[in-house]
There are 2 protein chains.
Amino acid sequence: MSAQQLIERLKQWQGQAVPAGACPVRDVMDHLGDKWSTLLITVLADGPQRFNAIKRAVPDISQRMLTQTLRDLQRDGLITRQVFPTLPPSVEYRLSGMGESLLEPLAALIGWAEAHHPAIREARAAYDGPVVA
Amino acid sequence: MSAQQLIERLKQWQGQAVPAGACPVRDVMDHLGDKWSTLLITVLADGPQRFNAIKRAVPDISQRMLTQTLRDLQRDGLITRQVFPTLPPSVEYRLSGMGESLLEPLAALIGWAEAHHPAIREARAAYDGPVVA
DNA sequence: CGGAATCCAGCCCGATACTG
DNA sequence: CAGTATCGGGCTGGATTCCG
């Protein structure tokens with residue numbers, strides 16, 4: 001299976017084979033692992049959005065984290081930022097080509113999460129203890 | 001594209017449509033986002049491993065985090081734990097069926113990370129500033 | 001061997017207030 | 001509108017020590 005092939009290639013990155021944080025998997029995954037990155041990517045998936053539009057789409061994000069996460073994504077080249085010199089100024093964020101290319105594998109993972117969420121919740125409930133012996 | 005379809009279905013989970021942390025995507029992603037989960041899953045991908053074998057495969061994980069991450073994965077039903085009453089005792093961890101089903105989407109994401117890592121590093125370098133004006 | 005328990009530093013992130 | 005600055009709490013995760 002294709003998973004196995006990738007696993008094989010993964011081995012060269014595991015352990016101390018790699019100097020420090022040079023492992024590409026960890027380097028990228030650590031970013032996607034933060035609280036908001038993937039969520040913002042999915043928000044931008046259906047078209048460019050302005051700052052406050054994103055904020056409205058994700059009500060429980062703070063301004064601070066929105067700004068910061070957007071900047072990190074921009075820094076990684078996943079999204080682009082375009083400022084329109086209107087008054088008041090408006091700033092539009094959109095996925096870059098690379099950002100869009102991330103959508104497919106991300107969607108696969110999200111699909112998995114959706115599909116298995118019930119089973120996971122069950123497993124958790126079972127593990128956490130049949131309190132009622 | 002299939003990504004778009006998933007994005008559509010995602011919308012119902014974004015924002016306040018969902019009570020609290022009931023969003024399956026976040027619920028699962030937050031776990032995969034932690035520092036070690038995905039790494040341990042890939043380690044277990046090529047067969048069951050004992051505690052110290054995993055530890056050796058991932059030298060820079062602390063005992064504490066190894067134990068804790070394994071427990072969390074077990075709690076979510078992604079791995080199973082089997083104790084052999086030998087002397088000294090040995091404990092074997094292996095991916096469950098659900099855990100194995102995660103390998104495919106995970107491999108896709110890892111593949112993407114590997115493929116785009118150079119571009120990301122470039123983007124970061126460019127963003128962080130041509131210090132040499 | 002496979003943990004559990006404790007202590008503690010760092011950072012993640014939210015809340016709030018201010019700016020151009 | 002689109003940020004920035006500052007403060008502070010809570011959780012993550014590393015180091016160390018002890019147990020069956």
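Chain letters run A, B, ... following the sequence lines, proteins first, then strands; residues in each count from 1.
Here the options are A/D60, A/L73, A/I41, A/V43, the test is side chain to side chain contact (heavy atoms under 4.5 Å, CB included), and the partner is A/W36; only A/D60 passes.
Atoms NE2 (B/H31) and C1' (D/dG13) sit 16 Å apart, rounded to a whole Å. Atom P of nucleotide D/dC11 and atom CD of B/Q68 are separated by 13 Å, given to the nearest angstrom. The distance from atom CZ of A/F84 to atom P of D/dG3 is 13 Å, rounded to the nearest whole Å. In this entry the distance linking CZ of B/R71 with P of D/dG13 reads 14 Å, nearest Å.
Note on A/T67: a base of the nucleic acid sits closer than 4.0 angstrom, heavy atoms only.
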Under 4.0 Å protein heavy-atom contacts per nucleotide of nucleotides 14-20 of chain D, with B for base, S for backbone only and - for none: BB-B---

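Using a cut-off of 4.0 Å between Lys/Arg side-chain N and Asp/Glu carboxylate O, B/K35 and A/D30 are scored as not salt-bridged. For B/R121 and A/D76, the salt-bridge test fails: no basic side-chain N is under 4.0 Å from an acidic carboxylate O. With respect to A/R94 and A/E92, a salt bridge is recorded, a charged nitrogen being found less than 4.0 Å from a carboxylate O.
B/S37 contributes no side-chain N or O that, together with a main-chain N or O of B/D34, makes up a donor-acceptor pair within less than 3.5 Å. In this structure, A/S96 contributes its side chain and A/G77 its backbone to a donor-acceptor pair below 3.5 Å. Put simply, the side chain of B/T42 gets close to the backbone of B/L39: a donor and an acceptor are under 3.5 Å apart.
Each of B/D34 and A/E92 was assigned the nucleotide of DNA chain D with the nearest heavy atom; the assignment lying further toward the 5' end belongs to A/E92.
Nucleotides of DNA chain C that come within less than 4.0 Å of any heavy atom of chain B span, from the 5' end to the 3' end, C/dC1 to C/dT6.
Within the model, atoms CG of B/L70 and NZ of B/K55 stand 11.5 Å from one another, a figure rounded to the nearest 0.5 Å.
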